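Being a predicted model, the structure only gives us computed values, none of them experimental. The basis for the numbers below is simple: all heavy atoms, side chains too, and nothing from hydrogens, waters or symmetry mates. Whatever order the structure lists ligands and atoms in, that order sets their numbers, starting from 1.
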Amino acid sequence: MNPHIAFLGGGNMANAIIGGMIKQGFNPSLLSVVEHNANTRDKLTEQFHISCHESVSTVQNVDIWVLAVKPQNMRDALTDLTPLLHTKQMLVSIAAGLTTATLSSWSGNHSKIARTMPNTPAMVSQGVTGIFAPTSVFSTDEQIALDNIFKTIGSTVWLDTESQIDSITAISGSGPAYVFYMMEHLAAAAVELGFDSATADLLVKQTFAGAVALANTSEDSLTTLREKVTSKGGTTAAALNAFSSDGMDKALHHGTQAACERAKELAVELAK
Ligand SMILES: NC(=O)C1=CN([C@@H]2O[C@H](COP(=O)(O)OP(=O)(O)OC[C@H]3O[C@@H](n4cnc5c(N)ncnc54)[C@H](O)[C@@H]3O)[C@@H](O)[C@H]2O)C=CC1
Ligand SMILES: O=C(O)[C@@H]1CCC=N1
C-alpha cells in the first residue's frame, strides 16, 4: 500500500514528520498539506516540493489525513473536512488532549480515528511517538501504514488504551521542554561559576549528549549509571543531596502529573 497522506496543518510538527518521511524515501508526490498560512505553504513547497493547498476542497484521493493543527483549531479544521470524508479514510490526530470521541463528533461520526503523540526531536529523526490505533478499528495493513509514517521520525510505542496517550504526552510529548528547562538552569549555574555563556552551553549540551549516548549503549540501568558517577562523600553526592532536599525528585513527579491532568482538562474544555 502506497497511501496518499495529507496533513491538515503544516506547522512545526507536520514539517518534522514530512521531513522524516521524505528523508526515508516516501514519494513527495503522495504527500499533500492543507495550510492556512501562505508563508508556511511557500516554505513547505520550497523545502519538500510537495503540493500545498489553502483549502481541503482542492485535495483529492487521500487515504490518510494527519490532523496537525493546534487542539483549539481542530473543530474548525474538521468542519471544513467533514463533508469530503469517506468512511475508509484514516484520521490520525497528533493533537494533545482531544479524544477520539470528540474528534468523531466533530467529523460526522467518523470512526477510523487514531491518536498519536510525537515529540519535537522528530525534527532530527530522534523522536518517539505513542500510537493508539486499536485492532477493533484498524486492519493490520492500516496499522503498518501508520507505523511506517512515525518510524521515519524515530521510535514508535503502540498503546493499548486511549488514556495512555495522555500519559505519554506527559513524558515524551512535553518531555523535551523539561530537558531544555534543566539544560537552561545548568547553563545558568555554569555562568555563575565563571564560564562565559558559549562555554556554558557547550559544557551542558555535551554533558547531556554524552550521558544519553552512554545510557543508550550501556547495559547498566539508569540507577547504576548514576551510582557510577557518585563517589562516596564526593562532589556528585553533595549535588544530589542538595537536589533531593530541595525536592527536585518530587517536582519531576508533580510536573508530569500536572501535564497528564492538563491533557485530560483540555479534552473536557475543548469538547464543550
Ligand atoms: N509542538 C510540540 O512539541 C508537539 C505538538 N503536538 C501537537 O501537534 C499539533 C500541531 O502543533 P505544532 O506543529 O507545534 O503547531 P503549529 O502552530 O506550528 O502548526 C499548526 C499549523 O496549523 C495551521 N492551521 C490552523 N488552523 C488550520 C486550518 N483550519 N486548516 C489548515 N491549517 C490550519 C496553522 O497556520 C499552523 O501552521 C498540536 O495539536 C499539538 O498538540 C504533538 C506533539 C508535540
Ligand atoms: O504543550 C503541548 O500542549 C504540546 C503537546 C506535547 C507538546 N506540546
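Using a 4.0 Å cutoff on heavy atoms, Val34 counts as a contact of ligand 1.
For ligand 1, the atoms sitting less than 4.0 Å from at least one non-hydrogen atom of Thr120 are 2 (C), 3 (O), numbered in the order shown with element in parentheses. The contact set between ligand 1 and Ala95, taken as ligand atoms under 4.0 Å from a residue heavy atom, comprises 39 (O), 41 (O). Within the listing of ligand 1, atoms 38 (C), 39 (O), 41 (O) sit less than 4.0 angstrom from a heavy atom of Pro71.
Remark: among candidates Met123, Met13, Met74, Arg41, the nearest residue to atom 2 (C) of ligand 1 is Met13, based on non-hydrogen atoms. If you check each of Met117, Lys43, Lys70 against atom 17 (O) of ligand 1, the one with the closest non-hydrogen atom is Lys70. Here the shortest heavy-atom distance to atom 43 (C) of ligand 1, taken over Gly175, Ala14, Gly173, Pro118, belongs to Pro118.
The shortest N/O to N/O separation between Asn73 and ligand 1 does not fall below 3.5 Å. Of the N or O atoms in Asp80, none lie within a sub-3.5 Å distance of an N or O in ligand 1.
Using modelled atom types and a 3.5 Å distance limit, the side chains of Asn15 and Gln47 yield a donor-acceptor pair. In the model, Ser172 has no side-chain atom that pairs as donor or acceptor with a side-chain atom of Asn119 under 3.5 Å. Looking at Thr58 and Ser55, their side chains never bring a donor and an acceptor atom within 3.5 Å of each other. One side chain, His4 or Ser32, offers a donor N or O that lies under 3.5 Å from an acceptor on the other. A donor-acceptor pair shorter than 3.5 Å cannot be found between the side chains of Asp141 and Ser139. For the residue pair Thr199 / Asp196, a side-chain donor-acceptor distance below 3.5 Å is found, with atom types taken as modelled. Counted by atom type alone, Gln143 and Thr135 present zero donor-acceptor pairs between their side chains at under 3.5 Å. Thr102 and Ser105 share no side-chain donor-acceptor pair at under 3.5 Å.
If you check which protein heavy atom lies closest to atom 35 (O) of ligand 1, you get Glu35 OE2, 2.6 Å. In this structure, the protein non-hydrogen atom closest to atom 41 (O) of ligand 1 is Ala96 N, 3.1 Å. Of all protein heavy atoms, the one lying nearest to atom 8 (N) of ligand 2 is Gly173 O, 4.6 Å. For atom 7 (C) of ligand 1, the nearest non-hydrogen atom of the protein is Ile94 O, 3.2 Å. Of all protein heavy atoms, the one lying nearest to atom 1 (O) of ligand 2 is Ser174 OG, 4.6 Å. When hydrogens are left out, the protein atom nearest atom 4 (C) of ligand 2 is Ala96 CB, 4.6 Å; that is the closest non-hydrogen contact. At the top of the distance list for atom 28 (C) of ligand 1, counting protein heavy atoms only, stands His36 CE1, 3.3 Å. The nearest protein atom to atom 18 (O) of ligand 1, hydrogens excluded, is given as Asn12 N, 2.9 Å; this is a heavy-atom distance. For atom 20 (C) of ligand 1, the closest non-hydrogen atom on the protein side is Ala68 O, 3.6 Å. Scanning all protein heavy atoms for the shortest distance to atom 38 (C) of ligand 1 gives Val69 O, 3.4 Å. In this structure, atom 19 (O) of ligand 1 lies nearest to the protein heavy atom Gly11 CA, 3.2 Å.
At most 12 heavy atoms of other shown residues, nucleotides or ligands fall within 6.0 angstrom of atom NZ in Lys205. Remark: Phe195 CZ is loosely packed, at most 12 non-hydrogen atoms of other residues, nucleotides or ligands lying under 6.0 Å away. Other residues, nucleotides and ligands contribute only 12 or fewer heavy atoms inside 6.0 Å of the CG atom of Leu222.
The side chain to side chain contact (heavy atoms under 4.5 Å, CB included) test with Val34 singles out one residue from Arg41, Glu54, His53, and that residue is His53.
Of the possible donor and acceptor atoms, none in the side chain of Ser174 sits under 3.5 Å from a partner among the backbone N and O of Ala170.
The parts of Ala77 lying near ligand 1 are both backbone and side chain, judged by heavy-atom distances below 4.0 Å.
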